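Down below is the structure, laid out as structure tokens.
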Amino acid sequence: MELAIGVVGLGAIGRDHVKRFHERITGCKVVAVSEVNQEVGRRVAEQYGAKFYADGEELINSPEVQAVVVTTWDPAHAQYVLASIKAGKYVFCEKPLATEAAECEKILAAEQAFGRKIVQVGFMRRYDPGYTELKKTIEEGKIGQPLIVHACHRNMTHAATMTSEMSIKNSGVHEIDVLRWLLDDEYVSGQVVLPRQSRISAKEGLQDPQIMMLRTKQGICIDVEISQSSGYGYDIQCEVVGDLGTAKLPDPPGVITKTDCSRVTGIMPGWETRFVEAYNIEMQDWVDRVKNAQPLVGASAWDGYVACVTSNILGQCREEGGTSKEIVLPEKPEFYN
Ligand code: NAI
């Protein structure tokens with residue numbers, strides 16, 4: 001039996017995931033879709049033979065939908081995750097889990113009251129072969145004890161709606177999640193340093209680039225450059241410095257062309273291509289586990305909560321002029337261990 005999936009939100013990644021479920025992921029079928037832009041929603045529904053719902057909650061409560069994928073704008077995530085838990089359905093929510101910590105707390109409470117982990121957050125870098133190998137290298141002790149991480153997240157360009165706050169809450173949140181997973185550590189403090197403003201991304205309300213600085217319980221210091229307008233491609237870098245050596249995230253492989261006294265390798269333009277393998281592995285794993293009622297191993301609602309709290313604190317640091325702040329979280333409930 002194929003897992004009957006309902007997708008709420010059919011923007012860039014929503015349509016990408018629908019296509020992925022249709023063409024690539026085995027054991028599932030998208031049976032229902034919802035989108036506030038009804039023209040787009042109806043078109044996608046027709047293309048994939050799914051039923052269109054104008055109302056996302058109606059889709060979630062429909063008996064034909066067994067599991068839900070939430071790919072709307074960030075502020076609508078929490079509402080649909082809570083509705084899915086209420087309906088007792090597995091829900092995969094694209095990052096971030098919610099924009100405010102209070103909404104994440106409602107999700108944590110609802111999931112624990114339900115009694116089983118049914119929420120997964122779309123932090124797909126945990127499935128990326130490069131990050132997986134980097135984690136293994138660290139765990140095998142090849143570089144000794146990690147001391148420092150230098151990371152960078154460069155988008156080719158940004159949407160007109162991008163703000164300084166979103167730069168951390170929407171882009172930086174990937175780094176916040178993947179680095180605590182990579183190091184198997186937790187953050188204790190953070191701050192944001194603002195370099196000179198890029199002329200390319202100059203726009204009122206957008207400070208770009210920003211540098212997030214984090215310190216972990218084990219004393220590892222992390223710096224992450226977040227740039228919204230590299231102009232040359234989507235570039236994700238991560239280098240871990242240990243006391244015995246360093247380990248670096250590999251760039252995606254690309255043919256090297258040599259002509260006219262130059263050596264050229266392409267750089268991916270965006271997340272769709274850079275992390276395609278990670279999305280494919282992540283979604284196949286999610287479908288298989290949901291179908292077989294196996295425990296989910298991707299980022300949990302707790303991980304989504306940690307990422308949300310951390311990004312909100314870093315946002316406050318920036319607004320308050322770059323002072324360092326402690327990152328304090330309640331004790332992790334046993335349910336999430
Ligand atoms: P987008 O702006 O292209 O699409 C969002 C869509 O949601 C729009 O079509 C909008 O009309 C729809 N929508 C908004 N509120 C809705 C509601 N209440 N019900 C139904 N539809 C609603 O944005 P994009 O790039 O597709 O991102 C969507 C989400 O996925 C964001 O939260 C983003 O953070 C996340 N994302 C994750 C990525 C990853 O690497 N894991 C990559 C890109 C996006």
Side-chain angles (χ1 to χ4, degrees), residues 11-13 16 73-75 94-96 99 123-125 128 130 148-179 187 189-215 221-239 241 248-252 254 256-257 259-276 307-308 310-325:
I13 203 166
D16 211 45
W73 296 325
D74 302 358
E94 263 309 337
K95 45 59 59 172
T99 50
F123 285 122
M124 78 300 176
R125 292 192 192 178
D128 174 68
I148 305 167
V149 178
H150 304 294
C152 119
H153 180 126
R154 296 190 189 126
N155 287 334
M156 167 99 102
T157 184
H158 60 80
T161 48
M162 182 53 69
T163 61
S164 301
E165 189 187 18
M166 278 174 70
S167 197
I168 291 182
K169 280 189 172 181
N170 191 282
S171 303
V173 75
H174 270 303
E175 306 288 337
I176 290 168
D177 180 71
V178 83
L179 296 176
Y187 305 124
S189 64
Q191 72 182 110
V192 172
V193 175
L194 301 181
R196 187 180 191 183
Q197 169 70 35
S198 152
R199 291 172 303 168
I200 308 302
S201 55
K203 171 195 164 220
E204 202 176 326
L206 175 59
Q207 169 67 48
D208 188 57
Q210 301 184 40
I211 300 172
M212 307 191 310
M213 316 272 279
L214 290 155
R215 178 182 283 276
C221 287
I222 300 170
D223 59 87
V224 188
E225 171 204 321
I226 311 284
S227 290
Q228 294 299 339
S229 289
S230 76
Y232 68 81
Y234 178 79
D235 193 9
I236 305 300
Q237 300 290 327
C238 180
E239 183 182 26
V241 181
K248 200 168 186 302
L249 181 71
D251 279 323
I256 300 167
T257 310
T259 56
D260 197 19
C261 295
S262 65
R263 186 176 54 194
V264 179
T265 312
I267 298 175
M268 303 281 183
W271 47 265
E272 303 90 329
T273 41
R274 167 64 181 85
F275 285 113
V276 65
C308 178
T310 306
S311 57
N312 285 354
I313 292 175
L314 289 174
Q316 286 165 18
C317 294
R318 186 196 55 250
E319 278 162 24
E320 291 171 19
T323 48
S324 167
K325 278 191 182 292

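Any value given below was found using the heavy atoms of this structure, including those in side chains, with hydrogens, waters and symmetry copies removed. Computed from a predicted model, the values in this text were never measured in an experiment.
Across all their heavy atoms, Gln228 and Ser167 have their closest contact at NE2-OG, 2.8 Å. Of all heavy-atom pairs spanning Val173 and Ser311, the tightest one is CG2-OG, 4.4 Å.
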Starting from the C-alpha separation in whole Å, work towards a yes-or-no answer on side chain to side chain contact (heavy atoms under 4.5 Å, CB included) for Ile222 and Tyr187. CA-CA 10 Å; Ile222 300 170; Tyr187 305 124; 3.8 Å; yes

Is there a side chain to side chain contact (heavy atoms under 4.5 Å, CB included) between Phe275 and Ile236? Walk through the geometry before answering. CA-CA 10 Å; Phe275 285 113; Ile236 305 300; 3.9 Å; yes

Could you walk me through whether Met212 and Ile176 pass the side chain to side chain contact (heavy atoms under 4.5 Å, CB included) test, one step at a time? CA-CA 9 Å; Met212 307 191 310; Ile176 290 168; 3.9 Å; yes

The test is side chain to side chain contact (heavy atoms under 4.5 Å, CB included); show your working for Asp128 and Val178 and say whether it passes. CA-CA 10 Å; Asp128 174 68; Val178 83; over 6 Å; no

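A donor-acceptor pair under 3.5 Å is absent between the side-chain atoms of Ser171 and the main chain of Ile168, judged by distance alone. Using modelled atom types, no side-chain atom of Asp208 and backbone atom of Ser201 make a donor-acceptor pair closer than 3.5 Å.
The side-chain contact (heavy atoms from CB on, under 4.5 Å) search around Pro75 returns Trp73, not counting sequence neighbours. Asp235 is linked by a salt bridge (charged side-chain N to carboxylate O under 4.0 Å, His left out) to Arg154, counting only residues two or more places apart in sequence or in another chain. Ser227 is linked by a side-chain hydrogen bond (donor to acceptor under 3.5 Å, both in side chains) to Glu225, counting only residues two or more places apart in sequence or in another chain. Residues satisfying the side-chain contact (heavy atoms from CB on, under 4.5 Å) test with Thr161, not counting sequence neighbours, are Ala159. Residues passing the side-chain hydrogen bond (donor to acceptor under 3.5 Å, both in side chains) test with Asn170, sequence neighbours excluded: Asp74, Lys95. Checked against side-chain hydrogen bond (donor to acceptor under 3.5 Å, both in side chains), Gln207 has no partners two or more places apart in sequence or in another chain. Every residue was checked against the side-chain hydrogen bond (donor to acceptor under 3.5 Å, both in side chains) condition with Thr310, not counting sequence neighbours, and none meets it. Listed by chain and number, the residues in a side-chain contact (heavy atoms from CB on, under 4.5 Å) with Gln191 are Val193, Met213, Ser324 (sequence neighbours excluded).
Annotation: the span from Ile226 atom CD1 to Ser164 atom OG amounts to 12.0 Å, rounded to 0.5 Å. From Asn312, atom CG reaches atom SG of Cys317 across 11.0 Å, with rounding to the nearest 0.5 Å. To the nearest 0.5 Å, atom OG of residue Ser230 and atom CE of residue Met156 are 6.5 Å apart. To the nearest 0.5 Å, the span separating CG on Leu206 from CE on Met166 amounts to 9.5 Å. Atom CD in Glu272 sits 8.0 Å away from atom CD1 in Ile13 (nearest 0.5 Å).
Sorted by first and then second residue, the salt bridge (charged side-chain N to carboxylate O under 4.0 Å, His left out) pairs with a member in residues 194-205 form an empty list; sequence neighbours excluded. Every pair passing salt bridge (charged side-chain N to carboxylate O under 4.0 Å, His left out) that includes a residue from residues 156-165 is listed here, sequence neighbours excluded: Glu165-Lys169. Listed by first then second residue, pairs satisfying salt bridge (charged side-chain N to carboxylate O under 4.0 Å, His left out) with a partner in residues 312-323 read Glu320-Lys325, not counting sequence neighbours.
Gln237 pairs with exactly one of Lys248, His150, His153 by the side chain to side chain donor-acceptor pair (under 3.5 Å) rule, that one being Lys248. Partner Leu214 forms a side chain to side chain contact (heavy atoms under 4.5 Å, CB included) with one of Leu314, Val149, Leu179 and no other, that one being Leu314.
When side chains are defined from C-beta on, Pro96 does not count as touching Cys308, because their heavy atoms never get closer than 4.5 Å.
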Check residues 263-271 and write down every donor-acceptor pair under 3.5 Å in which the side-chain atom is one partner and the other belongs to a residue at least two apart or another chain.
none

